[in-house]
2 protein chains.
Amino acid sequence: MLDEMDKTILGILIEDARISLKELSQKVGLSSPSVSERLRRLEEKKVIRAFTVDIDPAALGYNLTAIVRVRPLPGMLHIVERLIQEMPEITECDKVTGDDCFIGKLHFRSMEQLDGLLDRLAEKAETNTSIVKSSPVKRRLPPLG
Amino acid sequence: MLDEMDKTILGILIEDARISLKELSQKVGLSSPSVSERLRRLEEKKVIRAFTVDIDPAALGYNLTAIVRVRPLPGMLHIVERLIQEMPEITECDKVTGDDCFIGKLHFRSMEQLDGLLDRLAEKAETNTSIVKSSPVKRRLPPLG
DNA sequence: TGCTATGCTCGACGAAATGGACAAGACCAT
DNA sequence: ATGGTCTTGTCCATTTCGTCGAGCATAGCA
């Protein structure tokens, strides 16, 4: 499905998505038209979902991060889901099996702000919040193998 | 700290980090050297941590995702932290306040694989695993405001 | 053996990035 | 006010890069 060359290319792009085709093609030992074509196919196949930029939330003033587990009260599941989607401070959220229904990541500037955000959920769900102290594993890819 | 122009630029780059300087500069209404200079500064200030590529784990064969909460047994904290860092299937992990000490995201191909991975933690920590059913909020940025 | 698919290279041309010289505005101390 | 300087911008010439068309090599297969 993905050959070694594709994986090499992806590995390089993860570290620098703005590398020029030329430099990329030199690193992997192909001509730039072939690399260009491979990129096109990787995008087409949705292996590459997007080229994007990794921004430090702290640089935007969000010095604090929390992980929130959310268990909607009976009958509130869809309302809570919508509520979560409409809170832009929640930057990712998964719906999961188990007692908790949603697990999300929240960026905020102060405890007051956190309190305000959680209050909006409190009427419709039980929440359990853990403040992030550090990130032993930064976002990375699972093995390409 | 970040002016409106920077935020506009970041907003565009989040959606397409490989956009040409020229097109980017047209969209924001500056010349390309100035945009280039702004990018340089944004990288220098570490607002932009990296230009990267968003890859679908499913395209690499990881059809399943779980969120794992890990509570090391007494005295095992550092060993567990190292263990987590050395498990490449864990693609992000935070150290948090509260009963759980670590919360991580895990990509895997089969229940057997999940079982194997959790077994490696089981001797040194209690774990609590939630399988991801869907992702109501895909990775996004908190408000730039 | 010969047909076709795929995936590559090469070279040329137009497009884009870069670097240098310089201008406009904000701010400050004199 | 005057002049210095710092920041952020433009413009333009040069260099670098991406894309396109044409053509070649290999693998799979009737």
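Hydrogens, waters and symmetry mates are skipped; everything else that's a heavy atom, side chains included, is used. In what follows, chains carry the letters A, B, and so on, assigned in the order in which the sequence lines appear, proteins first and then strands, with residues in each chain numbered from 1.
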- SB check B:Glu44 B:Arg41 (cutoff 4.0 Å): no
Using whole Å, what does the distance between atom [atom2] of nucleotide [N] and atom [atom1] of [X] come to?
{"X": "A:Gln26", "N": "D:dG18", "atom1": "CD", "atom2": "C1'", "result": "13 Å"}
{"X": "B:Leu21", "N": "D:dC11", "atom1": "CG", "atom2": "P", "result": "16 Å"}
{"X": "B:Asp3", "N": "C:dA26", "atom1": "CG", "atom2": "C1'", "result": "15 Å"}
{"X": "B:Asp6", "N": "D:dT7", "atom1": "CG", "atom2": "P", "result": "15 Å"}
{"X": "B:Arg38", "N": "C:dA17", "atom1": "CZ", "atom2": "P", "result": "17 Å"}
{"X": "B:Leu39", "N": "D:dT8", "atom1": "CG", "atom2": "P", "result": "14 Å"}
{"X": "A:Glu4", "N": "C:dC8", "atom1": "CD", "atom2": "C1'", "result": "18 Å"}
{"X": "A:Arg40", "N": "C:dC8", "atom1": "CZ", "atom2": "P", "result": "12 Å"}

Taking the nucleotide of DNA chain C with the closest heavy atom to each, which residue, A:Arg18 or A:Glu37, is nearer the 5' end?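 Nearest-nucleotide comparison on DNA chain C picks A:Glu37.
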Look at the side chain of [X] and decide which nucleotide, out of [options], has an atom nearest to it.
{"X": "A:Arg41", "options": "D:dT19, C:dG7, D:dT10", "answer": "C:dG7"}
{"X": "A:Pro33", "options": "D:dC20, D:dC11, D:dG18", "answer": "D:dC20"}
{"X": "B:Ser36", "options": "D:dT10, D:dG18, C:dT18", "answer": "C:dT18"}
{"X": "B:Lys22", "options": "C:dG7, C:dA17, D:dG18", "answer": "C:dA17"}
{"X": "B:Ser34", "options": "C:dA17, C:dG7, D:dT10", "answer": "D:dT10"}
{"X": "B:Leu30", "options": "C:dT18, D:dT10, D:dT19", "answer": "D:dT10"}

Check: Can you tell me the Watson-Crick or wobble partner of D:dT26, both distances under 3.5 angstrom?
Finding: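 Pairing partner: none.
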Under a 3.5 Å limit on both distances, the Watson-Crick or wobble mate of D:dT5 is C:dA26
### Query
Does the A:Thr97 side chain pair with the main chain of B:Ser130, one donor and one acceptor, at a distance under 3.5 Å?
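No; zero donor-acceptor contacts below 3.5 Å.
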Do any N or O atoms from the side chain of A:Arg18 and from the backbone of B:Ile19 form a donor-acceptor pair under 3.5 angstrom?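 Such a contact is found between A:Arg18 side chain and B:Ile19 backbone.
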Glycosidic torsion of C:dA5 (syn if within 90° of 0, anti otherwise) classifies it as syn
ask   = Can you find a side-chain donor-acceptor pair between A:Thr52 and B:Asp54 that sits under 3.5 Å?
value =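 No, because no side-chain N or O of A:Thr52 sits under 3.5 Å from a partner of the opposite role on B:Asp54.
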- Item | Other residues, nucleotides, ligands: >12 heavy atoms within 6.0 Å of A:Lys133 NZ | yes
Exercise for the section: Answer with base, sugar-phosphate or nothing: what part of the nucleic acid does B:Ser31 contact at a heavy-atom distance below 4.0 Å? Expected result: base
